[in-house]
Amino acid sequence: MQTVKTKEAPIKKDAYSTSNFSIKSLMANDGNLTRLVIMMIAVFAIMSFLKPDLFPTFDSLVSMAFQFPEFGILAIAMMITMLTGGIDLSIVGIANLSAIMSGVAMVKVIPNVIGSGSELITILLAVVIALIVGTLCGLLNGVAISVFGIPPILTTLGSMQLFMGLGIVITQGKAIYGFPMLFTELGAGSLLYIPIPLIIFILFIVFFSILLKKTSYGMKLYMMGTNPVASKYSGVNNLKITIQTYMYSGALAACAGLLIASRTNSANADYGSSYTLQALLVAVLGGVNPNGGFGRIAGVVVAILTLQFLSTGFNMLHITNFFKDFIWGAVLIIVMVTNYISSQRKEKRG
């Protein structure tokens, strides 16, 4: 008896699954990421052409690797809050307040309690204090938004002023300095010739990529951002997810504040004032939907690199900070308009 062989239907693999993941498949399924990569390469090429003796050098790239992790971490904090359909304008205020509290602990409190002989214990305790402060600040934002129903933009705008004011009161408007030498290695040191801030940033990228893609929290976050009413009736605790997200944002801001303090060897209430706009620009440029529900870490990372290439190039071309702020604002508006037009065209085609 003759057996008949049948062909099995090919199994379609998801482009984002771990079994078939590649940069090519990711870009093929994300037009915004493709445009971003092209833009990043174009910016790098233009700046290299304009400043061939400075921009594409090894020293320049290392210098950039020390700079962008600070606002890169803040951009991730901005991204996850925007995924809820909200925003966090207080990230810089949280970063500075956390750095100030840890700085006061390192310089004045901890050495008087345990002595000045153990730098490592002092730094670890200071880091814990910064994370607690940042998380509590995020908790305050999350509760105000989810429990009391205050719009995120108003909540975080008010808390930004609150945290900045607390920082000024604590420091009396002066910088806190004199941190242990080991602490300054966090922002200015290298490990196997790789800048430590870059290593820390990569760890955060990996952690939040897994958190958003592979956990129930990430699934619920995207669901809530897409349709909060539907997610509520699907059994998602929107209040819990919102509070948890803003607590994550506060903890991330605290880590960014520690990096800034370690790089500058000081803490003050007005450091990184332009980082809020840059973090917002990176999130939008990276494809995060301001209305919530869509955004990927990969897009944010490429946007961070693009913005850093632009910023470094502008410095080498001696473009003033005032003009750079104008450019950031103009780019933010252009990107938002472009994304809106693109989404409208997709809806018409669908």
Side-chain angles (χ1 to χ4, degrees), residues 69-99 130-167 204 207-208 211-212 217-218 221-222 224-225 228 238-260 269 271-297 299-300 303-304 307 328 332 336:
E70 296 171 0
F71 74 85
I73 293 173
L74 292 174
I76 296 175
M78 183 71 75
M79 171 196 171
I80 60 175
T81 56
M82 288 177 68
L83 288 176
T84 67
I87 195 171
D88 192 350
L89 300 177
S90 67
I91 48 177
V92 172
I94 296 175
N96 286 329
L97 180 60
S98 302
L131 291 174
I132 292 174
V133 171
T135 304
L136 288 176
C137 291
L139 175 63
L140 175 64
N141 285 334
V143 169
I145 293 166
S146 61
V147 177
F148 296 102
I150 305 174
I153 190 170
L154 296 180
T155 297
T156 56
L157 184 63
S159 62
M160 174 185 69
Q161 295 296 325
L162 172 65
F163 301 146
M164 187 180 298
L166 282 175
F204 277 120
F207 175 79
F208 278 93
L211 185 70
L212 294 178
Y217 163 78
L221 175 62
Y222 281 108
M224 186 186 73
N238 290 354
L239 187 146
K240 179 182 176 182
I241 295 296
T242 301
I243 292 176
Q244 191 174 353
T245 301
Y246 279 89
M247 289 174 70
Y248 276 132
S249 178
L252 280 166
C255 293
L258 288 171
L259 280 182
I260 296 171
Y271 283 170
S273 56
S274 65
Y275 282 171
T276 302
L277 177 59
Q278 291 184 33
L280 181 58
L281 175 57
V282 163
V284 175
L285 186 63
V288 180
N289 188 345
N291 296 319
F294 182 82
R296 300 186 186 280
I297 290 288
V300 171
I304 290 167
L307 196 66
W328 301 150
L332 178 60
M336 292 182 70

Smallest heavy-atom separation, Ala269 atom then Asn96 atom, equals O-ND2, 3.2 Å
Margin query: Before we go on, tell me: are the rings of Tyr248 and Tyr217 under 6.0 Å apart, centre to centre?
Written below: yes
Heavy-atom nearest pair, Tyr246 first then Gly86, reads OH-CA, 3.7 Å
For Ile80 and Ser249, the nearest pair of non-hydrogen atoms, with its separation, is CD1-N, 3.9 Å
*Quick one: does Met79's side chain get under 4.5 Å of Ile297's, heavy atoms only?*
yes
Test side-chain contact (heavy atoms from CB on, under 4.5 Å), reference Ser90, set Thr155, Asn141, Thr276, Thr81, output is Asn141
Of all heavy-atom pairs linking Ala254 and Ser98, the shortest is CB-OG, 3.5 Å
inquiry  = Heavy-atom count check: over 12 atoms from other residues, nucleotides or ligands less than 6.0 Å from Leu239 CG?
reply    = yes
Would you say the side-chain atoms of Asp88 and Thr156 include a donor-acceptor pair closer than 3.5 Å?
no
Can you list the steps and then say if Arg296 with Val300 is a side chain to side chain contact (heavy atoms under 4.5 Å, CB included)? CA-CA 7 Å; Arg296 300 186 186 280; Val300 171; over 6 Å; no
When every non-hydrogen atom of Ser146 is compared with those of Ile243, the smallest separation belongs to OG-CG1, 3.3 Å
**Request:** Please step through side chain to side chain contact (heavy atoms under 4.5 Å, CB included) for the pair Leu252 and Leu74, ending with a clear verdict.
**Result:** CA-CA 7 Å; Leu252 280 166; Leu74 292 174; over 6 Å; no
- prompt: Step by step, would you call Thr84 with Met224 a side chain to side chain contact (heavy atoms under 4.5 Å, CB included)?
  reply: CA-CA 6 Å; Thr84 67; Met224 186 186 73; 3.6 Å; yes
Shortest non-hydrogen pair, Gly250 vs Ile94, comes out as O-CG2, 3.6 Å
When the side chains of residues 277-294 are checked against the rest of the protein, which donor-acceptor pairs come out under 3.5 Å, sequence neighbours left out?
residue : atom : partner : partner atom : Å
Gln278  : NE2  : Ser274  : OG           : 3.3
Asn289  : OD1  : Asn291  : N            : 3.0

